[in-house]
Amino acid sequence: MVFKNFEIRNEFFGALVWDFKNKDFLAFDNDSLKIFKLLNENKSLSEISSLFPNYNISDFISNLEKVGLIKNNTLDANFVNNEVLPGLLSAPARLHYTVTAKCNLNCKHCFTRDILKSELKELTFSEKIKVLDFMDKYGIREMLIGGGEPFCADRFLDFLKEGVKRNISLKVFSNGTIFDDKLIKEISEIPLTYLAISLDGSDKESYQEMRNGDYFDLILENITKLSKSCNYDIVIQVTISKSNMNSIDDFFKIVERTGASKLKLRPLKPGGAILDNNDLLVSSQEYYDVLNKAKHIWNTKGYREKGIKLDYSWGNLRLTCDQGDIDLVRMPQPCVGFGCLGGKVNAFLDAYGILHPCGFVNSFLETAVEDNIRNKDILDIWKTGRNFLYLRNIKGNSECKACNLYSTCRGGCRARAHYYNKDINAKDGWCPKDVGMNKELNR
Amino acid sequence: MTNTTTDYDLNNTTTQENKDNFEFEAILNCPSKKDIKIFKVVD
């Protein structure tokens, strides 16, 4: 098939379109999908206009040209040959993959600890390639790869190269400890979307407290080398905990000093090893205050002007980065039912081949060991896997369903609901309204 | 290529709850909108 710059998946609401160049999704309604198909059949503008008299088709075509979906009067997109499922994406939009359980660290907050303690054998290289083939076939264009430590995985660079060959956007999350000059050169030659290095302490002591290893100086040296060598984003990722919540200023200084391109802040979630170290968990208000402080520093201390990027989220929800207090970005998700995106938009593949709806699912559900891609078709697990069905059929609660944020939040993270409220149907333990995030919808 | 699209009818009674819960128009691009917006998922 000739490569085109966009790919169209048929979905229950219309079309989910992947932009290969910008690595973004575009979601379209059913009429748009019909028009795409007519364009693909080389129907003329007047023919299409006659079929859709309520639209100004010329304006729509002009908009499609602006984003590049139409080039030289031709639809610059291939269609995925997929089955449309009622109320559910035909396949995950993205796949999280813990490529190996091997790791040289023993972090207090490792969220995959319980998932990866199995005696099962890890997927072989050829089985991993089958996963990439599956993604390529069904238009799953994003893979977020962690571990364990992914660079401990057998033939990891070969795996990444195979992903690149299949035009899959690869985002890699590493602890940054095992690079040498040869590996840095090799990884710089593989066009990742970004490489995130976890740095959960801003000095030797706080790093060691979280990650149980004396690697702080080495990691900073590696980030510096990676930033010089790689043409893609080298991201410093900080999981906010009690141990580092007052060190945001220092993290910005480290980003600047190492030449990294982005500071990415994420919340510590209740799952895996953190359940034994829950004194590290911050409250939603503490996390919200950290984000507002980070935004203030970024805006007032010159980091923004220097081109350093700042990225933060509520874990499952996007947040504003414009003037005023941080608030939710109003953006419903392409799924139905109560609860977050786990099992509805995202899926999580562990090192042994078990497909989970979410990486935190083990904190509240027994692992569905039968849902292993060695024994079952990946799509069958997506459609009928035990924990997928469980998460898609959560009843929820009337308070969330009546909330004006519901279409954006849908009740929120189930791991936090279960941890803080001991009830899978409860609202997210970090309800955005509890910290005053409700303004965006009222503007 | 062949496609297997079937339209998803939001007015169908079997999907009434979906209609109640899901504000499609907020994220879906369509021919009547002024511009085309991207859809971002949190990493």
Side-chain angles (χ1 to χ4, degrees), chain A residues 10-14 16 19 22 24-33 35 37 52 54-57 59-60 63-64 66-67 69 78-79 81-84 86-87 93-94 142 144 171 264 311 313-318 329-338 341 345-346 401 406-407 410, chain B:
Chain A
N10 308 286
E11 301 294 356
F12 66 95
F13 51 80
L16 189 64
D19 178 344
N22 294 308
D24 277 323
F25 291 106
L26 304 158
F28 288 87
D29 71 350
N30 266 309
D31 280 351
S32 303
L33 177 61
I35 292 169
K37 289 180 176 176
F52 295 94
N54 295 330
Y55 300 133
N56 185 330
I57 296 297
D59 286 352
F60 186 48
N63 281 334
L64 295 175
K66 281 180 198 164
V67 296
L69 242 170
N78 286 315
F79 286 83
N81 187 13
N82 66 277
E83 176 192 4
V84 176
R94 57 163 48 165
E142 281 194 297
L144 287 78
K171 302 174 177 180
K264 185 174 171 187
D311 178 352
S313 78
W314 202 240
N316 52 329
L317 301 169
R318 290 182 61 222
V329 173
R330 186 178 189 270
M331 192 194 68
Q333 310 297 338
C335 59
V336 297
F338 189 89
L341 305 185
V345 176
N346 306 331
K401 289 181 179 177
Y406 184 63
S407 67
R410 307 195 73 78
Chain B
M1 292 182 68
T2 57
N3 295 298
T4 54
T5 302
T6 52
D7 286 348
Y8 186 72
D9 182 2
L10 288 175
N11 294 314
N12 187 314
T13 51
T14 59
T15 58
Q16 185 61 43
E17 189 179 353
N18 297 342
K19 184 184 173 188
D20 293 343
N21 291 345
F22 191 62
E23 295 182 8
F24 286 87
E25 72 279 6
I27 56 164
L28 294 181
N29 293 296
C30 70
S32 58
K33 284 191 178 171
K34 284 182 182 173
D35 55 8
I36 290 175
K37 290 191 168 66
I38 59 170
F39 159 68
K40 289 269 188 195
V41 184
V42 174
D43 285 354

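Here is the naming used below: chain letters follow the sequence lines, and residue numbers restart at 1 for every chain.
- For chain B, the nearby part of A:Lys264 is the side chain; its heavy atoms alone come within less than 4.5 Å.
- Proximity to chain B (any heavy atom under 4.5 Å) is restricted, for A:Tyr55, to the side chain, taken from C-beta onward.
- Here the side chain of B:Asn29 pairs a donor or acceptor atom with the backbone of B:Lys37 at under 3.5 angstrom.
- Considering A:Asp24, A:Val67, A:Asp19 as possible partners of B:Ile38, the one that fulfils the side-chain contact (heavy atoms from CB on, under 4.5 Å) test is A:Asp24.
- Contact record, A:Phe13 with A:Ala27: CE1-CB, 4.2 Å, taken as the closest heavy-atom pair.
- For a residue to count as touching a neighbouring chain, one of its non-hydrogen atoms must lie under 4.5 Å from one of that chain's; by this rule A:Leu317 touches chain B with the backbone only.
- Side chains of B:Asp35 and A:Asn63: a donor-acceptor N/O pair is absent below 3.5 angstrom, by distance only.
- For A:Asn54, no part sits under 4.5 Å from any heavy atom of chain B, backbone or side chain.
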